[in-house]
Amino acid sequence: MPAAVSVVAGLFEEGPGGLRLLATRCTSCDTLYFPRRPTCRNPACETKAVEDAQLPRDGTIHSFTIQRYQPPAMFRIDDWKPYAIGVVDLGAGVQVMGILEGVAFDELAIGMPVRVTGRTLYRDPEGLDVRTFAFVPGGSEAA
Amino acid sequence: MSRPVFLLGAGAHPWGKWPDAPQVQLALHALRAALGDAGLGWRDVQGLVAASSRFEGGMGWGLHANEIVQLVAEQGIACVNVGGACAAGAIAFSTAHAMIASGQYDVVAAVGAERMPKGFIPRPPGSQDDIGDEDYLRWVTMGATNPAYWAIEARRRMHDHGTRPETFARAAVLMRSNAAGNPYARFRQPSTVAEVLASPLVADPLHLLEICPVSDGAAAVILVSHEIARRCGGRPVEVAGCAIASGAFGDPARRIPTISATVRPGVTHTSEVAGAVERAMSIAGIGPADVDVLEMADNTAWHLLAWPELFGMHAPGESDHLLETGKLAIGAGRLAINPSGGFLSFGEATTAQALMQVCEIAWQIRGEATGRQVPDARVGMTAVLGLGANGGSVILKR
C-alpha cells in the first residue's frame, strides 16, 4: 500500500481503528467544534477554554445533493465524476458535511445511517495518496 | 440623537456582462443616475459609502469610495469603504443612514458596483491554506460549490414540507415573468416549468435555471436629512427602518463556506438575515403582514420559498401553495416577491446587489416601477445575506 497523506493537516487521523475527525470541546459548556478551533463561540460561555476531542464516527444523513459539475481546480481528484455530498448529523449537536459514497445516488435518503471513513482523492507526483474524509453506509441508527 | 432619513435618489446601471466597462465606470453611471434622480450634484455630496469589491478596483485596498471621489469630486468628501461580501450593499446603506441620522451629515451617497469573474465564485486571494480557513477546507476536502450548499437545503425542504421539483421550477418561472418588465434585469425572456426542469441539474434537486448566475452591475442611492428633502422637492421616500446583523450561535443553516455546524434547538435558520429583518421591522414599527413588496436574495428557487417563511410573512411550508395558486405574482396576493425579477433574473453582482434591491423598493413605493409595478405598494422591504454570516434589511414606506 502506498504511503498516504491527509489533504490538510489537523483535520482527521487515520489509524488501524479507522478514521477519526479531530474536534475541539469547550471545557466549560461542552460544545464540540469541527474543525478544531482555538476558542468557543457560544455567547453564554464565559471561560472559553477548549481541549482536543474526537467526533463520533456514526451518524445519519440530514440532507444531501449530487454535485453534477466539476468544482474549480482547487478540488483535486483523480477520475472525477458526479458525486454525492451530504450533511451528516453526528449527534452531540454537530453536523458535518462530506462526500457520501458506497451507495447508489437513487438509494441515498435522509435519515440513512452512515459512518465516517477515509478515501483517496488523488496520487500526488511523489506517489503519495492524498486522503480526505467521507461517509459510507453503516454505523448505528442511534446517532 | 437620531433623526429621520430620506432616500432622495436611486440609480443603477443595467445588469449584464460588460467587459468593456471597468467597475468604476459602472459605479459612476449609477451615482450619476442617483444624483440626477435626487436633483443634486457632486458639489452637494458630503459623504460616500462604498460596498467594497474583492474582485476589482479600489486601488487594490478596497478603497472604492476614494477612487470615485478622486475621479469626480475632490472636495473633502468623507469616504467610507465597507466589506460584507454579498451583503456589503446593505451595510453601506446602513452606514450612510447612520451618518445622516446622527446629525453629522446631510447628504450621503451609498454605492455598490461589481464585475464578476466567470463561473463558480472562486476563493479570493489573501487567505491561508490551512485548517483555520473554512473556504480552503470546503474546496480541498470535498469540492463543495455554493450550489451544493443551497441544494442540501432544498432537499431538506422536500423532506420537511413535501416541496416538489415543479414548485422550485415555478419559482424560477415567476422571477423571469417579473423581470420581463424590468430594463435593469439581465435575463428577461419568459421561461416555462418544462424548460427549467429540462435545464441541466447542477446539484440535485436544483437545475441551472433555478440558481442565480453572476453578472456585472452597479446601483447607488442618495440619502438625505429631512431639511434637504424638503428643500429639494423631488420624491423623497422615508427610510422606515434599516438594520444589519450577524449570525446566532446554534443556527442550523448551511453557512457557506463552513463544513460543519453546531446546531442548537430553537435557533432561527439563517439568523443573520432573519435577525436583521426583525430588527428593521421593530425600528419601523411594523409586522410581517404590513409588508406589500419584498426584494430578497434569491440565490436559488429554494430561497424564494424558504425566506418569506423565515420572516413570518408565510407560515412554515405555506409558500408552495401560495406560489402554485399564483398568489405570489405581482398584484395577485397580499405580498409580492421580487417584482424586479430577483437574483435569478439579474445574476448576482455581489456588492451591488443589495443596493439594487433598495433602488427597486424605492421605485415601487413611488409608483415608478413601470412594467412591474406592485399596485398601491406602501411598505417595501429588502433582505440580503452575505458571506461571513452578514445579514441586512431596509424598509421604505410611503
Side-chain angles (χ1 to χ4, degrees), chain A residues 6-12 21-23 31-38 40-45 55 62-77 80 82-90 92-100 105 108-111 121 130 132-134, chain B residues 117-123 128-160 200-208 211 247-250 252-265 267 389:
Chain A
S6 171
V7 68
V8 53
L11 197 62
F12 58 84
L21 296 172
L22 302 179
T31 302
L32 279 169
Y33 296 103
F34 172 77
R36 282 184 173 159
R37 286 291 173 256
C40 171
R41 62 175 176 267
N42 179 356
C45 182
L55 290 187
H62 173 79
S63 188
F64 62 93
T65 185
I66 317 298
Q67 195 153 262
R68 305 273 174 180
Y69 280 65
Q70 186 159 7
M74 266 189 81
F75 179 58
R76 282 188 63 187
I77 189 168
W80 182 88
Y83 62 102
I85 293 181
V87 169
V88 173
D89 191 338
L90 292 173
V94 182
Q95 296 183 352
V96 173
M97 235 170 123
I99 293 173
L100 297 172
F105 292 162
L108 281 166
I110 288 172
L121 286 168
V130 178
T132 191
F133 68 94
Chain B
K118 273 184 71 170
F120 292 121
I121 295 176
R123 181 170 173 244
Q128 296 295 313
D129 288 353
D130 64 27
I131 196 173
D133 188 89
E134 303 251 21
D135 209 7
Y136 178 72
L137 290 180
R138 62 117 163 210
W139 289 123
V140 300
T141 62
M142 68 192 78
T145 61
N146 290 3
Y149 285 79
W150 300 320
I152 284 168
E153 298 278 20
R155 170 72 59 186
R156 186 70 203 189
R157 183 178 177 90
M158 293 171 77
H159 180 264
D160 291 343
L201 266 174
V202 174
D204 308 36
L206 297 175
H207 300 78
L208 188 64
I211 299 169
F249 177 71
R254 301 296 121 213
R255 186 183 289 167
I256 297 171
T258 65
I259 62 166
S260 76
T262 298
V263 180
R264 290 292 176 270
V267 180

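To find a chain, count down the sequence lines: A is the first, B the second, and so on, and within it residues start at 1.
- The most heavy-atom pairs under 4.5 Å with chain A, out of B:Arg138, B:Glu134, B:Met158, come from B:Glu134.
- The two residues A:Pro71 and B:Gly143 come nearest to each other via the heavy atoms CG-O, 3.3 Å.
- Interatomic distance, A:Leu108 CG to B:Asp204 CG, rounded to the nearest 0.5 Å: 9.5 Å.
- For a residue to count as touching a neighbouring chain, one of its non-hydrogen atoms must lie under 4.5 Å from one of that chain's; by this rule A:Arg76 does not touch chain B.
- Neither the backbone nor the side chain of A:Phe105 comes within contact range of chain B; no heavy atom of the residue lies under 4.5 Å from a heavy atom of that chain.
- If you measure heavy-atom distances from A:Val8 to chain B, the contacts under 4.5 Å come from the side chain alone.
- Atoms NE2 and NE2, from B:His159 and A:His62 in turn, are 9.5 Å apart once rounded to the nearest 0.5 Å.
- For the pair A:Thr65 (side chain) and B:Ile152 (backbone), a donor-acceptor distance under 3.5 Å is absent.
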### Query
Passes side chain to side chain contact (heavy atoms under 4.5 Å, CB included), A:Met97 versus B:Thr141? Steps please.
CA-CA 10 Å; A:Met97 235 170 123; B:Thr141 62; over 6 Å; no
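- For B:Arg156, the parts lying under 4.5 angstrom from a heavy atom of chain A are both the backbone and the side chain.
- For A:Ile66, the parts lying near chain B are the backbone and the side chain together; criterion is any non-hydrogen pair under 4.5 Å.
- Using a distance-only test at 3.5 Å, with no hydrogens or angles considered, no donor-acceptor pair links the side chain of A:Gln95 to the main chain of B:Val263.
- For the set A:Thr132, A:Ile99, A:Val7, A:Ile110, the entry with the most heavy-atom pairs within less than 4.5 Å of chain B is A:Ile110.
- The distance from the OG1 atom of B:Thr145 to the CD atom of A:Gln70 is 12.0 Å, given to the nearest 0.5 Å.
- Ranked by non-hydrogen atom pairs under 4.5 Å with chain B, the options A:Asn42, A:Val96, A:Val130 are led by A:Asn42.
- Proximity to chain A (any heavy atom under 4.5 Å) is restricted, for B:Leu137, to the side chain, taken from C-beta onward.
- When every heavy atom of A:Phe75 is checked against every heavy atom of B:Trp139, the shortest pair comes out as CD1-O, 3.1 Å.
- One finds the CD1 atom of A:Ile85 at 6.5 Å from the CE atom of B:Met142 (value rounded to the nearest 0.5 Å).
- How far CG of B:Asp135 is from CE of A:Met74: 7.0 Å, rounded to the nearest 0.5 Å.
- Heavy atoms of A:Ile77 lying under 4.5 Å from chain B are absent altogether.
- Listed here is the closest heavy atom pair of A:Arg36 and B:Ile131: N-CD1, 4.4 Å.
- Only the backbone of B:Asp130 comes within contact range of chain A, judged by heavy atoms closer than 4.5 Å.
- The structure places CZ of A:Phe34 at 11.0 Å from OG1 of B:Thr258, a figure rounded to the nearest 0.5 Å.
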